[in-house]
2 protein chains.
Amino acid sequence: MPLKADLDAIDWKILRELQADGRMTNVELSNRVGISAPPCLRRVKRLEEAGIIRGYRALLNAPALGLDVVAFCLIGLHHQADAELRTFAERTRGWPIVRDAWMVSGESDFLLHCVASDLGAFQTFVIEELTSTPNVDTVRTALTIRRVKDEGLVSFAQP
Amino acid sequence: MPLKADLDAIDWKILRELQADGRMTNVELSNRVGISAPPCLRRVKRLEEAGIIRGYRALLNAPALGLDVVAFCLIGLHHQADAELRTFAERTRGWPIVRDAWMVSGESDFLLHCVASDLGAFQTFVIEELTSTPNVDTVRTALTIRRVKDEGLVSFAQP
DNA sequence: AAGATCACGCAAGATTCTTGCGTATTGCCC
DNA sequence: GGGCAATACGCAAGAATCTTGCGTGATCTT
């Protein structure tokens with residue numbers, strides 16, 4: 001299982017290209033990174049099997065799908081013992097409005113990335129679900145106005 | 001250009017499947033959604049051209065790539081006139097550590113999703129870049145401990 | 001009720017994927 | 001320094017997939 005140290009310049013190029021366009025054909029990818037198709041495919045497979053490429057995802061346009069509200073919620077709990085943290089984490093997985101969630105350290109304990117059809121649906125979620133959840137202390141929300149930057153997880157300025 | 005109202009149950013299935021695995025072959029996709037390959041491909045193309053599918057992206061494993069710190073920053077500015085907001089938004093695009101950024105309303109003006117190789121690199125960014133940027137008033141950071149939920153943008157419980 | 005429109009599925013050619021194999025390069029051990 | 005093992009490359013061929021054109025059936029409109 002290769003780790004960071006085992007990646008060469010071609011692997012980094014592959015990661016950059018697939019992060020920009022995950023559906024690129026292998027021949028196109030091989031042209032861009034400068035090797036022929038078979039070894040290029042073998043590298044991609046190896047990156048997938050090593051878990052460096054976790055998967056591929058289509059990016060969807062929320063407003064076009066009738067999802068007009070994107071918001072973040074910062075949640076503070078009363079008690080932060082391991083059991084309580086796990087309980088709340090589990091609960092986030094049952095809320096469809098919550099698209100991804102992080103356990104964080106700082107002023108809050110969780111950060112939730114939420115998508116809802118409209119402001120009413122989001123407010124209903126905050127009031128009737130979040131704040132009424134046991135052990136939830138504080139809920140701070142930040143409604144998004146627009147996305148200002150949207151790139152993949154990894155930057156490729158240096159390698 | 002179809003919008004939400006023009007999508008039928010098969011389109012929603014396609015979106016769900018491609019959100020879960022953006023590199024699925026068209027024949028596999030067509031089997032899952034219950035139609036033959038050609039109309040399935042035509043639907044995918046139409047969704048892409050309509051902008052409902054914005055693109056495809058490989059998901060990378062940050063720790064395996066030597067990126068051990070994922071954090072969020074909430075930024076408050078002194079002045080929130082349109083010009084100042086645009087100036088700060090533009091600046092986020094020049095910071096490789098910032099992977100995506102949102103303009104938000106609430107207690108803060110911007111939310112930044114940051115990835116760094118280690119805590120030192122992140123702290124250097126916060127101190128030497130963020131807090132020393134003109135017009136930046138407050139910077140609150142939340143270091144992530146772990147990701148608790150990670151799904152695509154759109155939920156598919158209802159349709 | 002007739003016509004128009006739309007989406008489906010079949011079929012065939014073009015492209016891509018995938019595997020096996022031979023060769024070149026690198027690193028290591030003797 | 002020479003030889004061996006390991007690794008990765010590129011070529012080539014068969015398999016799978018993509019892509020387009022075309023005919024049919026269903027739905028909706030007039």
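Bear in mind the structure is a predicted one, so any value in this text is a computation, not a measurement. Values reported hereafter were calculated over all heavy atoms of this structure, with side chains retained and with hydrogens, waters and symmetry mates removed.
A:L59 shares a hydrophobic cluster with no other residue; no ILVMFWY side chain has heavy atoms under 4.5 Å from its own. The hydrophobic side chain of A:V27 is isolated, with no ILVMFWY side chain under 4.5 Å apart from it. Apart from A:M103 itself, the hydrophobic cluster it occupies contains A:V69, A:I75, A:L77, A:L85, A:F88, A:W95, A:I97, A:V98, A:F110, A:L112, A:L119, A:F122, A:F125, A:V126, A:L130, A:V136, A:V139, A:L143, B:I145, B:V148, where clustering links Ile, Leu, Val, Met, Phe, Trp and Tyr at side-chain heavy-atom distances under 4.5 Å.
The side chain to side chain donor-acceptor pair (under 3.5 Å) search around A:E28 returns A:R32, not counting sequence neighbours. With sequence neighbours excluded, the residues forming a side chain to side chain contact (heavy atoms under 4.5 Å, CB included) with A:S36 are A:P38, A:P39, listed by chain and number. In terms of the side chain to side chain donor-acceptor pair (under 3.5 Å) criterion, A:D100 has no residue partners (sequence neighbours excluded). Residues forming a side chain to side chain donor-acceptor pair (under 3.5 Å) with B:S108 (at least two apart in sequence, or on another chain): B:R140. With sequence neighbours excluded, the residues forming a side chain to side chain donor-acceptor pair (under 3.5 Å) with B:R93 are B:E90, listed by chain and number.
The stretch residues 29-43 of chain B comes close to DNA chain C through B:I35, B:S36, B:P38, B:P39, B:R42, B:R43, each having a heavy atom under 4.0 Å from the strand.
The outermost nucleotides of DNA chain C lying under 4.0 Å from heavy atoms of chain B, listed 5' to 3', are C:dA7 to C:dA11.
Between the side chains of A:N135 and A:E84, no donor-acceptor pair of N or O atoms lies under 3.5 Å.
We find that CD of A:E28 is positioned 17 Å from P of D:dC18, with the value rounded to whole Å. A:L47 has its CG atom 12 Å from the P atom of D:dA8, to the nearest Å. We find that CD1 of A:I10 is positioned 17 Å from P of D:dT7, with the value rounded to whole Å. Straight-line distance from the CG atom of A:D11 to the C1' atom of D:dT7: 13 Å, rounded to whole Å.
The salt bridge (charged side-chain N to carboxylate O under 4.0 Å, His left out) pairs that include a residue from residues 114-137 of chain B number zero, where partners must be two or more places apart or lie in different chains.
When the C1' atoms of four end pairs are superposed on the next four at each end of the helix from C:dA1-D:dT30 to C:dC30-D:dG1, using five pairs per end, the two resulting axes differ in direction by 30°, to 10°.
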